[in-house]
Undergrad: 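One structure, pasted below without further comment.
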2 protein chains.
Amino acid sequence: MNTKSEIYEQPGITVDLAIFTVNTNKLKVMLVKRAEDPFRENWSLPGGFLLHGESLQAAAYRVLREKTGVKNVYMEQLYTFGDPKRDPRSRVITVAYFALIPWKVLDQPESKKVTDLTWSSVDQLPKLAFDHKDILKYAVKRLRAKAGYSNIVYGLMPEQFRLSELQTMYEIIIDDKLDKRNFRKRMLATNLLQETGEKDITGAHRPAMLYQFKKMEIAFSN
Amino acid sequence: MNTKSEIYEQPGITVDLAIFTVNTNKLKVMLVKRAEDPFRENWSLPGGFLLHGESLQAAAYRVLREKTGVKNVYMEQLYTFGDPKRDPRSRVITVAYFALIPWKVLDQPESKKVTDLTWSSVDQLPKLAFDHKDILKYAVKRLRAKAGYSNIVYGLMPEQFRLSELQTMYEIIIDDKLDKRNFRKRMLATNLLQETGEKDITGAHRPAMLYQFKKMEIAFSN
DNA sequence: TATACTAAGTGTATAATGAACACTAAGTCG
DNA sequence: CGACTTAGTGTTCATTATACACTTAGTATA
């Protein structure tokens with residue numbers, strides 16, 4: 001093991017997460033303030049070192065739980081970043097994941113407001129530690145692309161929702177307007193939605209039918 | 001560093017490559033016979049440990065050059081496999097890449113036939129070491145998917161080619177027949193091809209116009 | 001040297017999909 | 001009860017995808 005490490009690199013391994021949500025009509029990502037060097041006091045993506053015997057995905061879910069309290073949300077491996085100089089102190093390779101969480105799931109009393117954690121609009125990012133801005137750019141690019149050809153956006157919706165809310169979610173992700181009638185036609189044609197029978201009666205207007213997703217995996221996910 | 005390694009995993013890091021080519025109308029992948037334990041004498045994907053100061057991509061290109069003698073071919077990072085038990089002896093995480101090489105480039109005198117290296121049809125694979133069958137399945141899936149919506153297939157073509165050869169290449173990758181007229185219309189409509197002016201006069205039939213790709217990157221690659 | 005053979009090369013009609021577009025319905029509020 | 005707000009709905013037109021068969025230009029050979 002020692003002779004080996006003279007020739008071969010045995011870097012630290014981390015997982016870093018781009019955890020997205022949508023709130024107040026903005027695509028947001030979770031950032032945490034670093035308490036330690038390097039980049040102390042800088043914002044960064046939540047992450048952590050891989051533990052002994054832990055799979056990469058398990059590590060990612062652990063970080064997710066630690067920071068958000070949630071599990072059972074959409075998550076996929078994004079890319080592995082291994083530039084030799086990405087950590088100024090020692091060689092660290094990070095396996096990046098991205099996750100989607102409906103804001104409603106987060107906005108609970110238990111996720112108390114803390115100053116070392118924030119949800120930042122992806123179009124107004126502070127300076128980030130390490131190569132986290134690259135990671136984030138890549139994650140946003142993938143999310144936008146997948147919104148176009150998969151139903152990944154579902155990962156951001158609450159249990160029940162109006163079609164207009166679903167449309168708004170798509171519009172926020174792809175950063176463009178959609179035609180209401182065409183959108184509704186297309187969504188209903190996929191056959192992934194079902195009416196709940198309930199109606200949303202908030203607001204001074206005609207009530208909206210509430211929908212939910214049929215129970216199934218996210219299609220076309222890879 | 002020592003205290004750290006008591007808590008955190010510092011695994012060996014390898015890169016493994018699914019190097020594809022097409023020969024005799026079959027999609028083939030390079031396999032190498034392992035000379036060492038574990039899995040001695042088993043076939044495996046070509047790979048190797050990450051060296052000090054080496055980026056992941058550089059490691060992948062190094063392995064590619066060692067095994068094929070080529071560079072400047074299409075390669076992309078595929079996925080990172082980190083199951084704690086994927087190597088029976090110690091923790092090793094592998095970053096998988098896939099590469100595409102035109103057979104003509106490989107079929108040179110210098111790539112002498114050796115018995116510890118083979119090109120295996122992806123539909124007739126031997127037993128593979130580690131989790132390499134999973135890696136390969138994932139690579140084939142990605143290649144097939146990308147053939148449908150990108151021009152990645154270009155990475156397998158020689159400098160000049162007939163349109164019928166290009167069509168055959170697509171048919172091998174996606175494992176389905178295509179309509180000749182529609183295929184030609186679609187390809188020429190992309191505006192990525194240009195006539196070379198030369199003709200292929202092999203065979204007892206009408207000569208075919210030879211085409212080449214306009215010089216540009218592979219589109220839609222991520 | 002004519003005929004058989006082979007792969008190259010070409011166009012059109014139909015179906016399916018995508019895009020543009022405006023009004024009525026059903027509630028609440030004042 | 002009239003003003004306001006969002007929900008909900010169809011049709012036309014343009015674009016794209018699909019299905020499909022014959023002529024062309026060479027070589028081989030009888």
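Basis for what follows: all heavy atoms, side chains included, without hydrogens, waters or symmetry-related copies. Residue numbers begin at 1 in each chain, while the letters A, B, ... track the order of the sequences.
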Undergrad: On DNA chain C, nearest-nucleotide positions of Arg184(B) versus Lys185(A): which is more 5'?
TA: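 In this pair, the answer is Arg184(B).
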Undergrad: Measure the distance from CD on Glu195(A) to C1' on dA7(D) and round it to the nearest whole Å.
TA: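 After rounding, the reported distance stands at 13 Å.
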Undergrad: Rounding to a whole Å, what distance do you find between Asp179(B):CG and dT12(C):P?
TA: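 Rounding to the nearest Å, CG of Asp179(B) and P of dT12(C) are 16 Å apart.
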Undergrad: Given atom CG of Asp176(B) and atom P of dA19(D), what is their separation to the nearest angstrom?
TA: 11 Å
Undergrad: Take nucleotides 21-30 of chain D nucleotide by nucleotide from the 5' end and write B, S or -, depending on whether a protein heavy atom sits under 4.0 Å from the base, only from the sugar-phosphate, or from neither.
TA: B--BBBSS--
Undergrad: Tell me what Arg162(B) touches on the nucleic acid: a base, only sugar-phosphate, or nothing, going by heavy atoms under 4.0 Å.
TA: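 Sugar-phosphate contact only - Arg162(B) comes under 4.0 Å of backbone atoms but never of a base.
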Undergrad: Going by the rule ring pair (Phe, Tyr, Trp, His ring centres under 6.0 Å), which residues pair with Phe183(A) if we only count those two or more places apart in sequence or in a different chain?
TA: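 Per chain and number, Phe183(A) pairs via ring pair (Phe, Tyr, Trp, His ring centres under 6.0 Å) with Tyr170(A).
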Undergrad: Could you tell me which residues satisfy side-chain hydrogen bond (donor to acceptor under 3.5 Å, both in side chains) with Lys185(A), sequence neighbours excluded, listed by chain and number?
TA: Asn182(A)
Undergrad: Restricting to ring pair (Phe, Tyr, Trp, His ring centres under 6.0 Å), what partner residues turn up for Phe130(B), sequence neighbours left out?
TA: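 Applying ring pair (Phe, Tyr, Trp, His ring centres under 6.0 Å) to Phe130(B) gives Phe39(B), His132(B).
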Undergrad: Mind calculating the distance between CZ (Phe183(B)) and C1' (dT16(D)) to the nearest angstrom?
TA: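 Nearest whole value for this atom pair: 17 Å.
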Undergrad: Specify the separation, in whole Å, of atom CD of Gln167(A) and atom P of dA7(D).
TA: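 My rounded result for the distance is 9 Å.
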Undergrad: Quick one: does Lys177(B) reach the base of dT18(D) with a side-chain donor-acceptor pair under 3.5 Å?
TA: no
Undergrad: Provide, to the nearest angstrom, the distance between the CE atom belonging to Met209(B) and the P atom belonging to dG9(C).
TA: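 Checked: the CE to P distance equals 7 Å.
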Undergrad: Hey, does the side chain of Ser44(A) reach the backbone of Ala129(A) with a donor-acceptor pair shorter than 3.5 angstrom?
TA: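 Not a single qualifying donor-acceptor pair exists.
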Undergrad: Between atom CZ in Arg186(B) and atom P in dT10(C), what is the gap in whole Å?
TA: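 Interatomic distance, CZ of Arg186(B) to P of dT10(C): 17 Å.
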Undergrad: Between Tyr138(B) and Tyr79(B), how do the two ring planes meet: parallel, tilted or perpendicular, split at 30° and 60°?
TA: tilted
Undergrad: For a quick test of reading the model: is some side-chain N or O of Ser164(B) closer than 4.0 Å to OP1 or OP2 of dA7(C)?
TA: no
Undergrad: Can you sort out the partners of Arg184(B) under side-chain hydrogen bond (donor to acceptor under 3.5 Å, both in side chains), two or more places apart, ordered by chain and number?
TA: none
Undergrad: Please name all residues satisfying side-chain hydrogen bond (donor to acceptor under 3.5 Å, both in side chains) with Thr80(B), sequence neighbours left out, ordered by chain then number.
TA: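 Partners of Thr80(B) by the side-chain hydrogen bond (donor to acceptor under 3.5 Å, both in side chains) criterion, ordered by chain and then number, come out as Thr80(A).
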Undergrad: Take atom CG of Leu166(B) and atom C1' of dG9(C), then tell me their distance rounded to the nearest Å.
TA: 15 Å
